[in-house]
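Worksheet for the structure shown next.
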Amino acid sequence: MPAHLEATRETLSMTAPSGLREVVAGKTGLCSIDGARGRLLYRGYDAVVLAEKCSYEEVVHLLWDGDLPGRARLDYIRDQLAAARGLSPAALDVLRRGAQGGDPMDVLRTAASALALGDPDAADRAPEANRRKAARLASGIACAIAAFERLRRGSEPIEPDPELGHAADFLRALTGKRPDATQERALDACLTLHAEHGFNASTFAARVTASTLSDLHSSVVTAIGTLKGPLHGGANREVMAMLESIGDPARAEAWFREASAAGRRIPGFGHAVYKVDDPRADLLRRISKGLAEAEKDPRWFAISVALEPLVKRWKPLPVNVDFYSASVYRYLGIPSDLFPTIFAAGRIAGWAAHFFEQCADNRLIRPEAEYDGPAERPFVPIEERRA
Ligand code: ACO
């Protein structure tokens with residue numbers, strides 16, 4: 001290795017493990033995860049308890065403003081999110097084009113970018129401006145997903161109903177039907193369970209963008225692109241495809257035997273941080289069971305519970321958040337290719353909170369890489385190159 005590269009290597013204190021596993025890449029006051037015990041806290045509150053007892057708006061307030069809101073502050077954030085519903089002409093234009101066969105996550109990523117066009121605070125990086133933009137993005141993302149779904153089915157987007165809470169109006173705009181209390185509670189809990197999860201891939205990507213002093217919309221667009229992959233937020237869609245291909249609980253064992261023999265990865269299992277079951281999965285399992293009973297359609301829940309022990313007997317893999325969210329979304333009448341976008345609609349709360357936190361104490365995120373390419377060599381003129 002050339003001397004100058006040796007010297008560079010010596011200045012590196014260590015080479016991080018593959019995938020940055022167990023590397024502490026910074027501080028956050030937003031969320032703590034105990035992967036060994038399967039615990040997830042948002043600013044000290046158990047996230048599962050929040051999902052059972054709070055509305056998504058309360059959790060947004062907790063993450064953005066530091067604590068759970070009292071009545072007056074809850075009214076304030078509810079009104080702020082409700083007033084921000086609706087889409088700019090630029091975003092609607094993207095959605096109309098995207099509705100002609102676009103992948104939902106590609107369209108959402110582009111629509112989130114278009115939401116910056118026409119945002120009165122687009123270029124303002126002051127904390128109050130970022131807070132206003134975050135509210136517009138949280139509502140705008142939900143509206144964009146719902147409008148996309150309507151447009152691709154040949155209908156026009158549904159006008160927002162400011163009397164409804166965030167989850168209920170999102171589901172109404174998406175499905176065209178006012179949800180009942182069980183459905184509303186289910187989506188509300190899902191949004192909360194997906195709201196925040198530390199330095200996961202999409203949030204970390206958002207923080208890297210924030211650290212360059214770029215803007216909130218750019219951070220969110222970065223995050224949506226990162227969330228899309230099947231190893232992250234795209235897994236819920238893969239879970240549904242798997243449940244559909246199994247088709248019947250009685251087929252779960254035969255399907256699994258074939259999949260495991262082929263060495264396939266089973267979506268919805270395994271996690272970079274949790275060594276035991278993801279605490280969110282337990283509540284999602286209960287929600288899925290409740291919806292299966294309410295909808296009198298046990299199939300998707302029954303296939304899921306038939307598969308879970310088979311996978312766990314095969315490998316010590318924890319069940320993750322995506323496994324039971326698939327059947328929950330299906331019971332709520334959401335098409336499976338939209339599942340990753342529902343994840344984004346919840347996670348916008350965490351992405352924005354991390355953006356605020358990064359901005360409040362910023363230093364450019366810029367790690368080193370350990371070079372393992374060819375040693376330094378003389379330049380070769382094009383006439384002398386072989387290929
Ligand atoms: N099915 C089968 N085997 C698995 C699975 C799985 N779902 N997950 C991990 N493994 C196995 C791997 O094959 C590997 O085995 P090997 O050492 O014999 O090759 C071993 O477990 C370790 O795998 P890694 O990919 O190194 O584990 P890592 O912790 O990096 O992966 C990940 C975490 C990406 C989530 C992985 O478990 C996975 O691909 N799961 C399926 C996709 C999924 O559900 N993603 C959503 C994650 S949660 C979220 O992002 C919201």
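As a basis for the values below, the full set of heavy atoms in this structure was taken, side chains included, without hydrogen atoms, waters or symmetry mates. Atoms within a ligand are numbered from 1 in the order they appear, just like the ligands themselves.
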Between Glu196 and Arg43, is the salt bridge (charged side-chain N to carboxylate O under 4.0 Å, His left out) condition met? List the steps. CA-CA 10 Å; Glu196 162 57 8; Arg43 291 198 190 271; over 6 Å; no
Taking 4.0 angstrom as the limit, do Asp93 and Arg96 come out as a salt bridge? no
Within the distance-only criterion (no hydrogens, no angle test), does the side chain of Arg78 pair as donor or acceptor with the backbone N or O of Pro162 below 3.5 angstrom? no
So does Gly102 get a backbone contact from the side chain of Arg97, meaning a donor-acceptor N/O pair under 3.5 Å? no
For Phe339, does its backbone N or O pair with a side-chain atom of Asn236 as donor and acceptor, under 3.5 Å? yes
Ordered by chain then number, the protein residues lying under 4.0 Å from ligand 1 by heavy atom are Arg21, Pro230, Leu231, His232, Ala235, Arg264, Arg265, Ile266, Pro267, Gly268, Phe269, Gly270, His271, Ala272, Trp314, Lys315, Leu317, Asn320, Val321, Asp322, Phe343
Would you check, one step at a time, whether the test ring pair (Phe, Tyr, Trp, His ring centres under 6.0 Å) holds for His197 with Phe343? CA-CA 12 Å; His197 209 231; Phe343 192 145; 8.9 Å; no
